[in-house]
There are 2 protein chains.
Amino acid sequence: MLPSSTVENYLKAIYVGETHLTGGEQLVPMGQLAGALGIAPGTATTMVKALSESGLVVYEPYNGVRLTAAGQKLAARVLRRHRLIELFLVQVVGMKWDEVHDDAEQMEHVVSDRLIERIDEMLGQPEVDPHGDPIPTADGQLPHRTLESLLTCPLHTPVTVARVTDQDAAFLRFIESHNLKPGQTIEVEARDDVSDSVRLKGANNALMTIGARAASKLLVTG
Amino acid sequence: MLPSSTVENYLKAIYVGETHLTGGEQLVPMGQLAGALGIAPGTATTMVKALSESGLVVYEPYNGVRLTAAGQKLAARVLRRHRLIELFLVQVVGMKWDEVHDDAEQMEHVVSDRLIERIDEMLGQPEVDPHGDPIPTADGQLPHRTLESLLTCPLHTPVTVARVTDQDAAFLRFIESHNLKPGQTIEVEARDDVSDSVRLKGANNALMTIGARAASKLLVTG
DNA sequence: GATTTAATTTTGATTACTCAAAATTGACAA
DNA sequence: TTGTCAATTTTGAGTAATCAAAATTAAATC
């Protein structure tokens, strides 16, 4: 049986949740999953038990959930579709990068494999989407780059923005208007723990100060 | 409340059904509706009663159903989306005309107004889709051309294919392989009621014979 | 007018997904 | 060890959409 949009969304959320696990953690907590999907905790429990029955996840009561190989394959497929569609909407259709998330969120569940392959071909088998998020390969591998955030990269050294890990439209518009999109070169001038902020020099030598929370969402390469 | 995909499909089927009504008929019979949607007759009855409650249709028990102004507006919107998406997938994405129906069927319910407008713009406010089916305008008007079919057009007279009223992929491939797509010029050589067939001369003077049922699906202009 | 038939409606049930609120569990602190 | 608390699970209920099969209706035939 092919998975419903709902099931695909659960798997995707668990998949993304797993990549955010820190340290020795193995399982995505139910609360986090429910939060990510915007549903009541009890609903998540019920659904995850069903997914477990289908062999898509391993569920440990009170501890959390993780994907099986089968679940991971499906999740990677959905994420691949999402990111290819986002890039397509920006590159081919000419939409803005802060406009494409919701359309991709819907289209990822319904378009044919043929259309996805055609998009992949048109875009030349791209590796990242407009936000710099890596696109899983057709066989379900998620390429991993080790990137530093603006909170950890070296000071007074030119770095290139590689990834923006927040889909919020207002945030993306802020990034764009301040010339901080992936590909642009910037430099961290100073960090201040007390004021919880980071001071940057932008592409055009423009100086700006952003909060630490925002800075943590900007990933760069040396 | 925004209509579900299911509701949109019911409205679209009723809308299309209305355009097929012959003579003094006003209402789409429930059986025809259920058939078009591939659902059990009882399901159609239940759903249509609910649509009637919402003011989207007028339902006359045992007689059938028709759209209200509100229902018509929604239906035209869905049909517009469907046909714009089909044309987009052919013209921009480079899919074949026999491949796009299913994707359009799904996408019509989920893509944003912004994306549809962008598509409309990219295509230059087109009037017909790849099959020659008219695209409803943004304000819900369905342009109507009076076309003759190959069963009724004059003999031995060059005519241009304007519309193919069948979405079946095999049929569309047949049409394409015989150079009978919209825009191509052909001529009806003869009709034979006994053998239930029509004899044509194609673009390259190729002669062919097709059945009356197929011929009725090819609409032409003089 | 009575009867048959085909279309339609009604009935009863099922599946997938959801929530609110009550009950439970496990971990940590006292 | 016991109590507290937050996270989680369970319970009971609701919505939307569907089907199969029984009941009904309208129309057509006799």
Side-chain angles (χ1 to χ4, degrees), chain A residues 1-14 17 20-66 71 74 78 105-106 108-110, chain B residues 1-14 17 20-66 71 74 78 105-106 108-110:
Chain A
M1 249 211 320
L2 76 154
S4 66
S5 295
T6 305
V7 167
E8 291 190 339
N9 281 332
Y10 274 84
L11 296 176
K12 191 176 55 158
I14 297 167
H20 292 331
L21 292 181
T22 57
E25 289 178 81
Q26 299 269 0
L27 299 168
V28 177
M30 300 306 281
Q32 179 183 312
L33 178 60
L37 291 169
I39 58 176
T43 307
T45 299
T46 308
M47 190 66 190
V48 162
K49 279 202 273 189
L51 294 177
S52 176
E53 285 295 308
S54 319
L56 295 171
V57 306
V58 174
Y59 170 53
E60 291 183 18
Y62 294 103
N63 289 321
V65 64
R66 64 180 169 81
L74 278 172
V78 178
E105 198 71 29
Q106 297 297 317
E108 66 187 12
H109 305 297
V110 303
Chain B
M1 249 212 319
L2 78 153
S4 65
S5 295
T6 305
V7 166
E8 290 189 339
N9 281 333
Y10 274 84
L11 296 176
K12 191 176 58 158
I14 297 167
H20 292 332
L21 292 179
T22 57
E25 289 177 80
Q26 299 269 359
L27 299 168
V28 178
M30 300 307 278
Q32 179 183 314
L33 178 60
L37 291 169
I39 57 176
T43 307
T45 299
T46 308
M47 189 68 189
V48 162
K49 279 202 274 189
L51 293 177
S52 175
E53 285 295 307
S54 321
L56 295 171
V57 305
V58 174
Y59 169 52
E60 292 184 16
Y62 294 102
N63 289 323
V65 63
R66 65 180 168 81
L74 278 173
V78 178
E105 199 72 27
Q106 297 297 316
E108 66 188 11
H109 305 297
V110 302

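Reminder, nothing fancy here: chain letters follow the sequence lines and each chain counts from 1.
Contact of the B:Met47 side chain with the B:Val7 side chain is registered, since non-hydrogen atoms from C-beta on lie closer than 4.5 Å. A 4.5 Å side-chain heavy-atom check between B:Val78 and B:His109 finds at least one atom pair inside the cut-off.
Considering every non-hydrogen atom in both B:Ala44 and B:Ala34, the closest pair reads CB-CB, 4.1 Å. Nearest heavy atom pair, residue B:Lys12 against residue B:Glu105, reads NZ-OE2, 2.8 Å. Contact detail for B:Asn9 and B:Leu37: the closest heavy-atom pair is O-CD2, 3.6 Å. For the pair A:Leu27 and A:Leu21, the tightest heavy-atom approach, listed with the atom from each and the gap, is O-CD2, 3.6 Å.
In this structure, the CG atom of B:Asn63 is 15 Å from the C1' atom of C:dA6, given to the nearest Å. Protein atom OH of B:Tyr62 is 6 Å distant from nucleotide atom P of D:dA26, rounded to whole Å. Rounding to whole angstrom units, CD of residue A:Gln32 and C1' of D:dT8 are separated by 14 Å. Between the OH atom of B:Tyr59 and the P atom of C:dT10 there is a distance of 6 Å, rounded to whole Å. Atoms CD (B:Glu53) and C1' (D:dA17) sit 17 Å apart, rounded to a whole Å. In this structure, B:Leu33 places its CG atom 11 Å from P of C:dT9, rounding to the nearest Å. D:dT25 atom P lies 17 Å from atom CD of B:Glu60, rounded to whole Å.
Listed pair A:Lys49 / D:dT10 meets the phosphate criterion, a side-chain N or O lying under 4.0 Å from OP1 or OP2.
In this structure, the nucleotide among C:dT10, C:dT9, D:dT9 sitting nearest to the side chain of B:Pro61 is C:dT9.
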Using a 4.0 Å heavy-atom cut-off to protein, can you give one letter per nucleotide of nucleotides 11-19 of chain C, 5' to 3': B if the base is in contact, S if only the sugar-phosphate is, - if neither?
------SSB
